[in-house]
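Taking it in order: structure first as structure tokens, then the write-up.
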Amino acid sequence: MRNWFSSLTGMSVLVMISVATPAMGQADFIVEYESGMVAASPRIAAPPKPKSQFTVNHYIELDRPLDFGEHFWDESYAQTNGARGTAQIVVDLEAEQLYVYRAGIEIARTKVTRGWEKYDTPTGVFPILEKDADHYSSTYNNAPMPYNLRLTWKGVAIHGADVDGVSATHGCIGVPLEFARKLFANVRKGDKVLVTRNWQRQVYR
């Protein structure tokens, strides 16, 4: 089942964009990707909690959940609506997914690999402390950590990795390599990353 869409990292190739009849008054367009996965137009998310740093106004509904190793990145709706600014990153450790928003509009999503047990990935809001496209770990046998976004000085970062549903990290958040490259290009040092559990469960069921 985890091999359904091994080529999903190339899903930025657009096969069809068409106007569709709104479903339940929500859908405005449908995007069908080369892989066969379908993304409906963004829907309005539930109002965020007061003073939330990560306001979400729209999300993209896929025709099925992502599997490990899969991701999508589609900014067409955000561009159409004039969304600007750097990307906002939210990591849901429970769902093992990372979400990217621009001005509150979801533009990307991926499955992740994370730390477990004594190496569990910490939760909280973390600034991106460093960016290093060709980083190697000074702690774990010079392990490659491409497109590294450092979140803590104790070794927690978001970086490119094998995301297979079996592997684990020493606390880092691993994402598919192509996704890591795009993410790296869309954030700046100092941008905030929210690492949490059960993010927007009323939306991402």
Side-chain angles (χ1 to χ4, degrees), residues 8-12 14 31 39 41-62 66 70-93 95-114 121-135 145-161 163 169 171-197 199-200 203-204:
L8 195 59
T9 54
M11 63 190 302
S12 59
L14 213 54
V31 179
S41 63
R43 294 186 178 182
I44 298 174
K49 295 180 180 179
K51 298 181 180 180
S52 171
Q53 298 182 59
F54 297 86
T55 300
V56 180
N57 300 313
H58 296 86
Y59 76 101
I60 292 178
E61 182 179 35
L62 300 177
L66 292 176
E70 299 179 350
H71 78 264
F72 80 86
W73 195 295
D74 184 353
E75 298 206 43
S76 58
Y77 185 86
Q79 291 170 351
T80 298
N81 285 271
R84 302 188 185 282
T86 58
Q88 301 162 302
I89 304 171
V90 177
V91 180
D92 185 338
L93 299 179
E96 295 182 285
Q97 291 201 136
L98 182 151
Y99 308 91
V100 186
Y101 306 90
R102 195 178 305 285
I105 295 174
E106 184 180 11
I107 60 173
R109 193 185 312 171
T110 188
K111 294 292 286 187
V112 305
T113 186
R114 64 180 182 86
T121 303
T123 58
V125 177
F126 304 91
I128 295 175
L129 301 172
E130 284 183 343
K131 292 178 62 179
D132 186 352
D134 191 29
H135 183 75
M145 296 178 170
Y147 302 108
N148 193 71
L149 302 174
R150 180 184 291 276
L151 302 184
T152 76
W153 294 115
K154 293 185 177 181
V156 178
I158 300 171
H159 60 78
V163 180
T169 72
C172 285
I173 299 155
V175 298
L177 183 60
E178 179 63 17
F179 187 92
R181 183 187 66 80
K182 294 177 182 177
L183 188 63
F184 188 90
N186 277 275
V187 297
R188 302 173 300 192
K189 183 178 175 181
D191 288 348
K192 301 295 193 301
V193 176
L194 171 62
V195 182
T196 186
R197 295 177 185 274
W199 169 251
Q200 297 281 338
V203 174
Y204 298 108

Is the backbone N or O of I173 less than 3.5 Å from a side-chain atom of T169, with the two atoms forming a donor-acceptor pair by type? no
Does E130 have any side-chain contact (heavy atoms from CB on, under 4.5 Å) partners at least two apart in sequence or in another chain, and if so, which? R150, W153
Backbone N or O of I60 within a donor-acceptor pair of the R109 side chain at under 3.5 Å? yes
Partners passing salt bridge (charged side-chain N to carboxylate O under 4.0 Å, His left out) against R197 (at least two apart in sequence or in another chain): E94, D120
For Y147, what residues pass the ring-ring contact (aromatic ring centres under 6.0 Å, His included) criterion, not counting sequence neighbours? F184
For the residue pair H58 and Y77, categorise the inter-ring angle as parallel (less than 30°), tilted (30 to 60°) or perpendicular (more than 60°). tilted
Can you sort out the partners of R188 under side-chain contact (heavy atoms from CB on, under 4.5 Å), two or more places apart, ordered by chain and number? T86, D191
Applying side-chain contact (heavy atoms from CB on, under 4.5 Å) to A87 and not counting sequence neighbours gives V100, N186, V187
side-chain hydrogen bond (donor to acceptor under 3.5 Å, both in side chains) partners for N81, two or more places apart: none
For T80, enumerate each residue passing the side-chain contact (heavy atoms from CB on, under 4.5 Å) test, keeping only those at least two apart in sequence or located in another chain. none
If we ignore hydrogens and angles and just use 3.5 Å, is the side chain of K111 paired with the main-chain N or O of A95 as donor and acceptor? yes
If the condition is side-chain hydrogen bond (donor to acceptor under 3.5 Å, both in side chains), which residues does Q97 pass it with, not counting sequence neighbours? Y99
Taking only residues at least two apart or on different chains, which pairs with a member in residues 76-91 satisfy salt bridge (Lys or Arg N to Asp or Glu O under 4.0 Å)? none
